[in-house]
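Scroll down for the structure; my scribbles are underneath it.
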2 protein chains.
Amino acid sequence: MAKQPDLDDFRVPYFDDGKKKNHFSLDQFDPKAKPFSTGSKDADRARLSEIGMLLDNLQERLHAQRKRRMLLVLQGMDTSGKDGTIRAVFHEVDPLGLRIVPFRAPTPIELAHDFLWRVHLHAPAAGELTIFNRSHYEDLLVPTVQGELDAAAFEQRCRHIRHFEEMLADSGTTIVKCMLHISKDEQRARLQARIDDPLKHWKFDVSDLEARKQWDAYQSAYRDALAATSTEYAPWYVIPADSKTHRNLMIAELLLRTLNALKLEYPPAKESLKGVKVE
Amino acid sequence: MAKQPDLDDFRVPYFDDGKKKNHFSLDQFDPKAKPFSTGSKDADRARLSEIGMLLDNLQERLHAQRKRRMLLVLQGMDTSGKDGTIRAVFHEVDPLGLRIVPFRAPTPIELAHDFLWRVHLHAPAAGELTIFNRSHYEDLLVPTVQGELDAAAFEQRCRHIRHFEEMLADSGTTIVKCMLHISKDEQRARLQARIDDPLKHWKFDVSDLEARKQWDAYQSAYRDALAATSTEYAPWYVIPADSKTHRNLMIAELLLRTLNALKLEYPPAKESLKGVKVE
């Protein structure tokens, strides 16, 4: 097995107030690449399962300690594999310790509030590992592509997101954001597979084809959004995701590194319980 | 393998308005019994894993159909295995499709509302499988044991629960309620094990020992609560739970039967997608 690449090579450069990030481009990342793969699918799956068990233990420590909060944000084009990631990466993790929050098109009540209102409601509490399946970034990307946000409004929203995420981080939340990066060809194949299998029609919405027509506009909006909101307290990672096995493995490695860095320990034993006999 | 017993033999008789249920007693059920066990732990685990995969598929259908809602209520004394049940029974089920809601001691804001307010907030939506880890029944049991609810107030609260659950059921929610039934001896052993292992002290609260002193009062409150709230639309089952393997298997069988009875199908294929080629 070759030396593993550095996860940080896939991190979007941090945003610095006032500088435009023209040097970052999604084209730097090949969606077909499998840098974290061992080269063998079986070995990759074995490693994923091994990491899954480590994540299960880390999540228990997080829960036992009830101090830190952990938030994983998953974004990506339709069929990029957000659902599949959750299923595969967290298969070994106790469902008790997971909270998965899907964000769909906002409801009238949600639209009647600021765009972060519905998101804040679901921010992880102490000891929780929360996964956002889509997120507040939808409210940046979709209106941008639909021409409802001009450049100034886009920048304003990005600033609000940075401030919001900084506040969460300062309150003990570790945030990791992943953009599942697939190629346009791979999306075609996956959409076609859903169309060709009547049992999968329920996963399919005609609007998916509309969004595909705006592929370039979405890629451009993603680029700008990632560049403007990747920060030390809430970094973005670009995950080459044409290979599902690779995608799962890379996100699992990223989470493992992130949780390990927190040095989570079980709370100390309670002296008062020493020698207690239950009657 | 002996013929399986009938799950309905473990169902608490339905409540009929106006009749007192003196004939139901928790003593009818031996917490040590393993009626749903095959006799071999390995075979039991294999069966549990098999049911887990079926539950995963049923949950996907529930989700795809987005019509029915499913609510599993878990109640039981401390250490009766509510957390362990969730971990074991739902190991194969996609975490995307599960929502686990723990109910702890009510907060000041929750106490400022009626006792069903916080519960209603977490009722499953269409397509969701929600598990209540403790529930509104805590607000019946705890104040009863603490002498804060007299008989009339107890009956009133039971009536409100029946009406609430009937409304949920009429709105498409399938409700199954399980009381994890352990013996006082088994609880002693489990509490002692937590005390003897410093790494498990975080799971231990001194109030657990206080509640144990009121064992008989809790058993009596459980009996009355189950008798008054087991209904056709929200039945209670008593789960012999001294054996963890048996507990998991029996609850898995119960869920399997319940979900199978819903005859969940994938939504029909969309005619409009026939022959569509993605560009």
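Quick note on labels: first sequence line is chain A, next is B, and so on, each numbered from 1. Not measured: the values here are computed from a predicted model.
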Measure up the A/H113 and A/W117 rings against each other and bin them: parallel (under 30°), tilted (30 to 60°), perpendicular (over 60°).
parallel
Determine whether more than 12 heavy atoms belonging to other residues, nucleotides or ligands lie under 6.0 Å from atom CG of B/L121.
yes
Applying a strict 4.5 Å limit to non-hydrogen atoms, the region of A/L209 in contact with chain B is side chain
Using a 4.5 angstrom heavy-atom cutoff, name the option from B/H63, B/H91, B/Q65, B/E265 with the most pairs to chain A.
B/H91
Whatever's closer than 4.5 Å to a heavy atom in chain A on B/L191 counts as both
Using non-hydrogen atoms only, which part of B/R99 is less than 4.5 Å away from chain A: side chain, backbone, both, or neither?
neither
Look at A/I195, A/D94, A/D196 and state which one has the largest set of heavy-atom pairs under 4.5 Å with chain B.
A/D94
Heavy-atom pairs under 4.5 Å with chain A are the metric here; pick the option from B/D197, B/I86, B/N133, B/V206 that has the most.
B/I86
Of the backbone (N, CA, C, O) and the side chain (C-beta and beyond), which part of B/R66 lies under 4.5 Å from a heavy atom of chain A, both, or neither?
side chain
For B/R69 and B/T130, which I'm curious about, is there any donor-acceptor pair between the side chains at under 3.5 Å?
no
Is chain A contacted by the side chain of B/E279, its backbone, both, or neither, given a heavy-atom distance below 4.5 Å?
backbone
Measure distances from B/K213 to the heavy atoms of chain A and classify the residue's part below 4.5 Å as side chain, backbone, both or neither.
neither
Pairing of A/D78 and A/R194 as salt bridge, 4.0 angstrom limit:
no
Can you tell me which portion of B/D208 sits under 4.5 Å from chain A's heavy atoms? Options are side chain, backbone, both or neither.
neither
Closer than 4.0 angstrom, basic N to acidic O: yes or no for A/E186 and A/K32?
no
For a quick test of reading the model, state the closest non-hydrogen atom pair linking A/R134 to A/G76 and the distance between them.
NH1-O, 4.1 Å
Shortest non-hydrogen contact from B/Y218 to B/A211?
CD1-O, 3.9 Å
Hydrogens and angles aside, do A/D185 and A/S183 bring a side-chain donor and acceptor to less than 3.5 Å of each other?
no
Between B/L98 and chain A, with a heavy-atom cut-off of 4.5 Å, which part of the residue counts as in contact: side chain, backbone, both or neither?
side chain
If you count heavy-atom pairs under 4.5 Å with chain A, which of B/K203, B/K274, B/E92, B/Q187 comes out on top?
B/E92
